[in-house]
Each structure stands twice: as C-alpha cells, then as structure tokens.
2 protein chains.
Amino acid sequence: MTALFISQKRAEIPRLRSAFPDVRQVDPERVLRLTKRGDQIWLMTDHAEWPALTTALAAQGCTIVVMTLVPSEAEALQALQAGARGYLHALSPPELLSQAALVTGNQGVWVPAELLSKVLGAAFTTLGGRESLPVDSLAILTERERAVALAVAEGRSNKEVARLLDITERTVKAHLGAAFRKLGVRDRMQLVLKLSRQDENIV
Amino acid sequence: MTALFISQKRAEIPRLRSAFPDVRQVDPERVLRLTKRGDQIWLMTDHAEWPALTTALAAQGCTIVVMTLVPSEAEALQALQAGARGYLHALSPPELLSQAALVTGNQGVWVPAELLSKVLGAAFTTLGGRESLPVDSLAILTERERAVALAVAEGRSNKEVARLLDITERTVKAHLGAAFRKLGVRDRMQLVLKLSRQDENIV
DNA sequence: AAAAATATTGGACCGAAGGACAGTGTTTGA
DNA sequence: TCAAACACTGTCCTTCGGTCCAATATTTTT
C-alpha cells in the first residue's frame with residue numbers, strides 16, 4: 001500500500017508527513033500512471049480537475065481522501081459523490097489524519113463531525129426515503145426456533161448447532177422443522193435465501 | 001468502553017459474540033439507563049422504536065451500529081439520519097463486524113459497499129475482496145461448473161439442476177464437487193453464503 | 001383448572017448429498 | 001501429435017437432512 005499526496009501547488013503539508021512519513025508527493029497529471037489498487041491518496045482541491053481525478057482513481061480501486069483549506073458542505077458532497085471516502089481540512093492535526101486513514105482504509109467514510117449531519121441530511125433529502133418496512137419473518141418463530149434458524153442460516157450443520165446450543169441434534173431437527181413449516185420453506189437452503197435476500201421479495 | 005447488543009427478541013447473534021466476546025445483551029426498554037458516553041451499541045431493527053432509540057442513544061454520546069436481517073437503502077438512510085454511525089447485515093462475518101467497530105469507533109461511518117453508493121449517491125468502486133468477488137470466485141470454475149454452482153446457489157436441488165441443464169444428477173454432483181474443491185467450501189450452504197455475501201466479504 | 005404452546009428427546013425411515021473409484025468421448029493447447 | 005483439460009456417466013458407500021411416529025415436562029394462556 002502506497003500513500004500519495006496530490007497537489008497542484010508545491011505546498012507541502014508538514015502535518016501529513018508527520019502522520020505518514022512515507023507519503024510521496026505527485027503531480028495531478030502523472031498520478032494515474034503511478035497508482036494501483038489499494039493505494040491511499042490524499043488529494044488537495046487546489047486544481048480544477050480534482051473531482052474527475054477522484055472518480056478516475058476510485059475506479060482504479062484507490063482510497064481517496066480529499067483535503068481542502070476551506071471546508072464546505074457542498075464540496076464534501078462533491079468529494080464523496082466523486083468516490084472519495086474521506087473529506088477533511090488540510091490543516092487537521094496528525095491524529096485526525098491518522099484516524100481518517102484508519103477509517104477510510106477499512107471501507108469506512110470519514111467526514112468532519114460538524115459536516116456529517118449536513119452531508120447525510122442532504123443525501124437523505126436528495127434520494128428521498130421511500131418507506132418499505134420489511135416484515136421480519138423471524139417474528140413468527142419461537143425463541144428457540146429462531147436461534148436454531150439463525151445458526152443454520154450462517155451455514156452450520158445440525159450437529160454444529162446442537163453443540164452450540166447444547167441440545168441434541170434431534171432437538172435441532174425438531175426446532176428446524178417447525179421453522180421450515182412456519183416460514184413456508186422446504187429446506188435450509190431456502191431458509192438462508194429467504195433471510196439474506198428478503199429485500200428482493202419486498203421491493 | 002462497553003459493548004451492548006440490543007434486541008427485542010432474544011435472538012443471539014453468534015458471530016457478534018465471536019467478534020466481541022464481552023458483548024452484553026440488553027432489552028430496548030432498559031438500555032437508556034445503562035449506557036454512558038462512548039459505549040458501542042449494536043442495535044437490531046426488530047422493534048418499532050429503534051429509530052427513536054438510536055437518536056436518544058446518539059444524544060448520549062454512544063456509537064450506534066444498526067443491524068438488520070433485511071438491508072435496504074431506505075433503512076440505511078433512516079439509521080444514519082437517526083444518528084447511527086454504522087449499518088450492516090446482522091449475519092455479517094466476524095471480520096466485518098470488527099471492521100465496522102473500528103471504523104465507527106474512530107468517528108467514521110460504515111455502510112456496506114453495495115449500499116454506500118446509493119446512500120451517498122456516489123460512484124464507489126467495490127474495493128477489497130480481492131479473491132472474494134463473485135466474478136473472481138467463479139472465474140476459476142469451468143463454464144459447466146459455474147452453471148451448476150449458480151443454479152445450486154439459487155436453492156435448487158441436484159435433481160432440479162440436472163433437469164435444468166439436461167444432464168444426469170450424477171454429472172451435477174461431479175461438477176458441483178469440483179466447484180466445492182476449487183472454491184474451498186464444504187457444501188452447498190457454504191457456497192450460497194460465499195456467493196450471496198460476497199459484496200460484504202472483505203478479508 | 002383446563003387447554004394450548006413450548007422445549008426437549010427417542011426411534012425409525014428414506015431420500016438427498018457428497019465422495020471414492022472407474023470409465024468414455026471431445027476439445028484444446030503446447 | 002500427444003497430453004491435459006473438460007464434459008459426462010456409472011456403481012457403491014457413508015453421512016446428512018428432513019419427516020413420521022411417538023413421549024414428557026414446563027410455561028403460558030384462557
């Protein structure tokens with residue numbers, strides 16, 4: 001994993017280097033030929049092409065954190081919609097940079113707390129929430145039947161479930177059979193499909 | 001820092017416990033008196049008050065991850081809007097739960113990759129999952145093995161697949177056995193889990 | 001108190017699933 | 001051309017999964 005700092009201007013960010021000693025500074029024009037899947041990119045918004053560059057790098061499988069000197073809600077949304085996983089002030093303290101790296105490196109999204117509600121609120125109103133409250137199939141099961149069904153839905157065999165719940169394999173079969181009947185499925189395969197893909201049945 | 005698992009039903013989630021051995025299960029009614037700032041809350045959407053509870057807990061300074069058996073874009077938005085920092089499938093593998101805990105514990109937002117783009121309206125590329133992507137997994141199979149594996153992953157029995165592909169049930173077993181070996185799974189249950197939860201599987 | 005639901009287990013049965021071993025014909029690549 | 005991969009099928013065997021016939025004890029509901 002390589003860490004790259006992309007900026008049009010030659011403005012070095014000391015705090016970035018103190019958080020990531022191995023970071024390399026690269027020009028926007030050449031970065032697309034230097035990056036590979038999984039690279040961590042710190043991208044300054046000091047040139048006009050940064051949204052397109054973000055999208056292109058995201059398509060390559062890079063993790064992009066957009067850095068700005070003037071944070072704004074609009075720019076944050078633009079960054080995230082372009083495929084960036086993080087957005088923060090360029091002069092953030094090193095601990096914050098490390099935190100953002102940790103979060104974005106683990107498939108998370110990092111946005112400053114004061115912008116988070118605005119960004120999510122905007123996303124919410126933009127997409128509009130259509131209320132589709134899916135019925136919970138497991139509600140009609142008893143506690144024990146549900147425990148067995150959930151364990152089975154994770155791929156466990158009857159014997160494994162028996163050990164897990166400290167009951168006989170025969171009892172597992174009993175609960176499981178009851179669950180099958182109540183849920184209207186014929187076997188464990190249908191069960192796991194019903195549980196993991198219910199949204200497709202609703203919508 | 002305390003980890004609490006909140007569910008109306010007594011459904012234990014074994015994977016949650018395997019990722020966080022010290023997690024305590026608490027009833028929704030009593031959780032507000034037990035939590036303190038910084039606690040990590042895993043909240044199931046199996047009762048009607050979960051959005052209000054999320055807001056209340058977020059106001060207390062807790063980190064909330066909403067878990068559901070039926071992920072949907074609308075519910076994800078509702079969770080984040082209510083103040084949750086994470087949203088994921090209740091049957092996610094332990095590594096994913098750990099990752100979500102890490103991200104949300106560091107002020108990050110965690111949403112499954114396939115929902116992230118919808119939630120933020122962004123062009124996220126599915127990063128991670130190197131050898132786990134469905135296409136990658138199925139790529140190592142022959143055309144026939146892939147056809148059988150996909151049919152089985154839809155819940156069909158060997159006999160049904162045989163009729164579907166107009167071959168003998170014995171041949172289905174042959175192709176399926178080869179697929180098991182190549183994919184490193186032990187039976188059809190593991191296969192459907194591997195294929196249906198690919199997008200969440202990061203490794 | 002009576003009735004219903006739940007949790008637990010037993011035995012037996014049968015089909016499905018998966019592997020071991022063996023064989024045929026076709027296609028493809030070195 | 002020859003080896004390797006592929007597609008296909010057979011028999012035999014073991015284990016697993018699911019359902020049928022029960023039974024008993026506890027809890028909850030009516």
Side-chain angles (χ1 to χ4, degrees), chain A residues 136-197, chain B residues 7-14 25 27-29 46-47 91 131 135-196:
Chain A
D136 192 351
S137 303
L138 296 177
I140 60 177
L141 302 183
T142 69
E143 181 185 335
R144 217 53 175 159
E145 290 163 356
R146 197 180 312 121
V148 171
L150 280 174
V152 165
E154 291 179 0
R156 290 184 168 88
S157 68
N158 290 346
K159 193 170 297 189
E160 287 171 332
V161 177
R163 272 198 297 270
L164 185 70
L165 301 181
D166 196 31
I167 53 180
T168 320
E169 187 178 352
R170 181 62 191 81
T171 309
V172 172
K173 287 185 176 182
H175 291 314
L176 198 51
F180 288 161
R181 204 175 350 97
K182 290 182 178 179
L183 297 179
V185 298
R186 73 170 182 222
D187 55 27
R188 59 216 293 122
M189 284 292 284
Q190 305 296 328
L191 175 69
V192 69
L193 290 173
K194 188 180 183 72
L195 288 187
S196 65
R197 297 195 185 145
Chain B
S7 174
Q8 178 73 50
K9 313 188 178 66
R10 287 312 192 143
E12 173 80 15
I13 307 267
Q25 183 162 354
D27 281 334
E29 300 81 32
D46 56 7
H47 58 290
L91 300 182
E131 58 190 355
V135 282
D136 293 344
S137 294
L138 296 176
I140 62 176
L141 303 183
T142 69
E143 184 184 342
R144 217 53 175 158
E145 290 163 354
R146 188 163 46 242
V148 171
L150 283 175
V152 165
E154 291 175 2
R156 290 184 170 89
S157 69
N158 289 347
K159 192 171 297 186
E160 288 171 332
V161 177
R163 273 198 296 270
L164 185 70
L165 301 181
D166 196 30
I167 52 180
T168 319
E169 187 179 350
R170 181 60 193 87
T171 309
V172 173
K173 287 185 178 182
H175 291 313
L176 197 50
F180 289 161
R181 216 176 329 104
K182 289 183 178 179
L183 297 179
V185 298
R186 72 170 181 222
D187 56 26
R188 60 213 296 120
M189 280 294 284
Q190 304 296 327
L191 175 70
V192 69
L193 288 173
K194 189 179 181 73
L195 293 185
S196 69

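The sequence lines fix the lettering, A, B, ..., with proteins before strands; numbering per chain opens at 1. Just so you know, these numbers come straight off a predicted model, no measurement behind them.
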Participant: What pair of heavy atoms forms the shortest contact from A:M189 to B:G155, and how long is it?
Facilitator: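 Smallest interatomic distance, heavy atoms only, reads CE-CA, 4.1 Å.
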Participant: Do any N or O atoms of the protein come closer than 3.5 Å to N or O atoms of nucleotides 24-30 of chain D, and which pairs are they?
Facilitator:
none

Participant: To the nearest 0.5 Å, what is the distance between CG (B:L164) and CG (B:N158)?
Facilitator: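 Rounded to the nearest 0.5 Å, the CG-CG separation comes out at 12.5 Å.
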Participant: Between atom CD in B:E145 and atom P in D:dC6, what is the gap in whole Å?
Facilitator: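 B:E145 atom CD is separated from D:dC6 atom P by 7 Å.
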Participant: What's the CG-C1' distance between A:L191 and D:dG18, to the nearest Å?
Facilitator: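 To the nearest whole Å, that distance equals 14 Å.
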Participant: Can you name the nearest heavy-atom pair linking B:V161 to B:A151, along with the distance?
Facilitator: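 Closest pair (atom of B:V161, atom of B:A151, distance): CG2-CB, 3.8 Å.
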Participant: Compare every heavy atom of A:E145 with every heavy atom of A:A178, then report the nearest pair and how far apart it is.
Facilitator: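 What the structure gives for the nearest pair is CB-OE2, 3.2 Å.
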Participant: Is there a donor-acceptor pair closer than 3.5 Å between any side-chain N or O of B:R146 and the backbone N or O of B:L141?
Facilitator: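 Answer holds: yes.
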Participant: Quick one: is D:dC8 close enough that its OP1 or OP2 comes under 4.0 Å of any side-chain N or O from B:R144?
Facilitator: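 Yes, such a contact exists.
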Participant: What nucleotide, of D:dG18, D:dC6, D:dC16, holds the atom closest to the side chain of A:R188?
Facilitator: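 Within the option list, the nearest is D:dG18.
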Participant: Using every non-hydrogen atom in the two residues, find where A:Q190 and A:V185 come nearest and quote the distance to one decimal.
Facilitator: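 Taking A:Q190 first and A:V185 second, the nearest heavy atoms are CB-CB, 3.6 Å.
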Participant: Name the pairs: protein N/O against N/O of nucleotides 10-12 of chain D, kept only if under 3.5 Å.
Facilitator:
{"unit_1": "D:dG10", "atom_1": "O6", "unit_2": "B:R170", "atom_2": "NE", "d": "3.2"}
{"unit_1": "D:dG10", "atom_1": "O6", "unit_2": "B:R170", "atom_2": "NH2", "d": "2.8"}
{"unit_1": "D:dT11", "atom_1": "O4", "unit_2": "B:R170", "atom_2": "NE", "d": "2.9"}

Participant: What are the two closest non-hydrogen atoms of A:V192 and A:A153, and how far apart are they?
Facilitator: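 Answer, listing the atom of A:V192 first, then A:A153: CG2-O, 3.4 Å.
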Participant: For a quick test of reading the model: is some side-chain N or O of A:N158 closer than 4.0 Å to OP1 or OP2 of D:dC16?
Facilitator: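 Result: no.
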Participant: Nearest 0.5 angstrom please: B:R156 CZ to B:R188 CZ, how far?
Facilitator: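 So the CZ of B:R156 and the CZ of B:R188 are separated by 11.5 Å.
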Participant: Taking for each residue the nucleotide of DNA chain D with the nearest heavy atom, is it B:D187 or B:L165 whose nucleotide lies nearer the 5' end?
Facilitator: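 Final value for this comparison: B:L165.
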Participant: If you measure from NE2 on A:H175 to CD1 on A:I167, what distance do you get to the nearest 0.5 Å?
Facilitator: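 Result: 5.0 Å between the selected atoms.
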Participant: Please find the earliest and latest nucleotides of DNA chain C, in the 5' to 3' direction, that have an atom within less than 4.0 Å of any heavy atom of chain A.
Facilitator: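 Range of nucleotides within reach of chain A: C:dT6 to C:dG11.
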Participant: For the atom pair CZ (A:R144) and OG1 (A:T171), what is the distance rounded to the nearest 0.5 Å?
Facilitator: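 That separation rounds to 9.0 Å.
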Participant: Do you know the tightest heavy-atom contact between B:T168 and B:A162?
Facilitator: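 Smallest interatomic distance, heavy atoms only, reads C-CB, 3.9 Å.
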Participant: Roughly, in whole Å, what's the span from CD in A:E160 to P in D:dC16?
Facilitator: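 Value for this atom pair: 10 Å.
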Participant: Would you kindly compare B:K182 and A:K159 by the position of their nearest DNA chain D nucleotide and give the one closer to the 5′ end?
Facilitator: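 With B:K182 and A:K159 compared, the 5'-side residue is B:K182.
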Participant: Can you tell me the distance, in whole Å, between the CD atom of A:E169 and the C1' atom of D:dG17?
Facilitator: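 In whole Å, D:dG17 C1' lies 9 Å from A:E169 CD.
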Participant: Under 4.0 Å between any heavy atoms, over every strand shown, what does A:A178 touch: base, sugar-phosphate, or nothing? Just pick one.
Facilitator: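 Contact class for A:A178: none.
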